[in-house]
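Read through the structure below, which is laid out as structure tokens, and then see the notes.
Every value quoted in this text rests on a predicted model; they were computed, and no experiment measured them. Residue numbers start at 1 and run along the sequence shown.
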Amino acid sequence: MPKYFFHTTHEHTEIDDVGEELPDKHAAWKEATITAGQMLQDMDGKLRPGHDWRMEVTDEFQNTLYALHIQAEKPK
């Protein structure tokens, strides 16, 4: 089964060096969206304007398959 990695960036980058075995890239997308939601919720309101949040999903060869980007900004 292929392995997928979920790297996140918010103020600093956290590289997922363990990864997760999943059946295919569609399962990796589902896992990314679920995990991203949980991670944002766990931030408990700490996401501030000007400090974006990003998750990149890569395959075992470090090819980026998906990117989720939450852009936090204050309207003018």
Using every non-hydrogen atom in the two residues, find where Thr58 and Gln62 come nearest and quote the distance to one decimal.
OG1-OE1, 3.3 Å

Within a strict 4.5 Å, meaning less than it, do heavy atoms of the Glu31 and Phe6 side chains meet?
yes

How long is the straight-line distance from CE of Met43 back to CD of Gln41, given to the nearest 0.5 Å?
12.0 Å

Say you draw a straight line from CD1 of Ile34 to CE of Met39; how long is it, rounded to the nearest 0.5 Å?
14.0 Å

Could you see if Leu22 belongs to whatever hydrophobic cluster contains Phe5? Use Ile, Leu, Val, Met, Phe, Trp, Tyr and a side-chain cutoff under 4.5 Å.
no

By side-chain hydrogen bond (donor to acceptor under 3.5 Å, both in side chains), which residues pair with Thr8, not counting sequence neighbours?
none

Please report the interatomic distance OG1(Thr9) to CD1(Ile15), rounded to the nearest 0.5 Å.
7.0 Å

Asp16 versus Val18, closest heavy-atom pair with distance:
OD1-N, 3.0 Å

Which residues satisfy the salt bridge (Lys or Arg N to Asp or Glu O under 4.0 Å) test with Arg48, sequence neighbours excluded?
none

More than 12 heavy atoms of other residues, nucleotides or ligands under 6.0 Å from CD of Glu21: yes or no?
yes

Under 3.5 Å, is there a donor-acceptor pair between the side chain of Thr35 and the main chain of Ala32?
no

Could you pull out all donor-acceptor pairs under 3.5 Å where a side-chain atom in residues 65-72 meets a protein atom, sequence neighbours excluded?
from, atom 1, to, atom 2, distance (Å)
Tyr66, OH, Lys25, O, 3.3
His69, NE2, Asp52, OD2, 3.3
Gln71, NE2, Glu73, OE1, 3.2

Just how far is it from atom CD of Glu60 to atom NZ of Lys3, taken to the nearest 0.5 Å?
8.5 Å

Rounded to the nearest 0.5 angstrom, the CD-CG distance for Glu56 and Asn63 is 11.5 Å

Would you indicate whether the side-chain heavy atoms of Met55 and Trp53 approach each other to under 4.5 Å?
yes

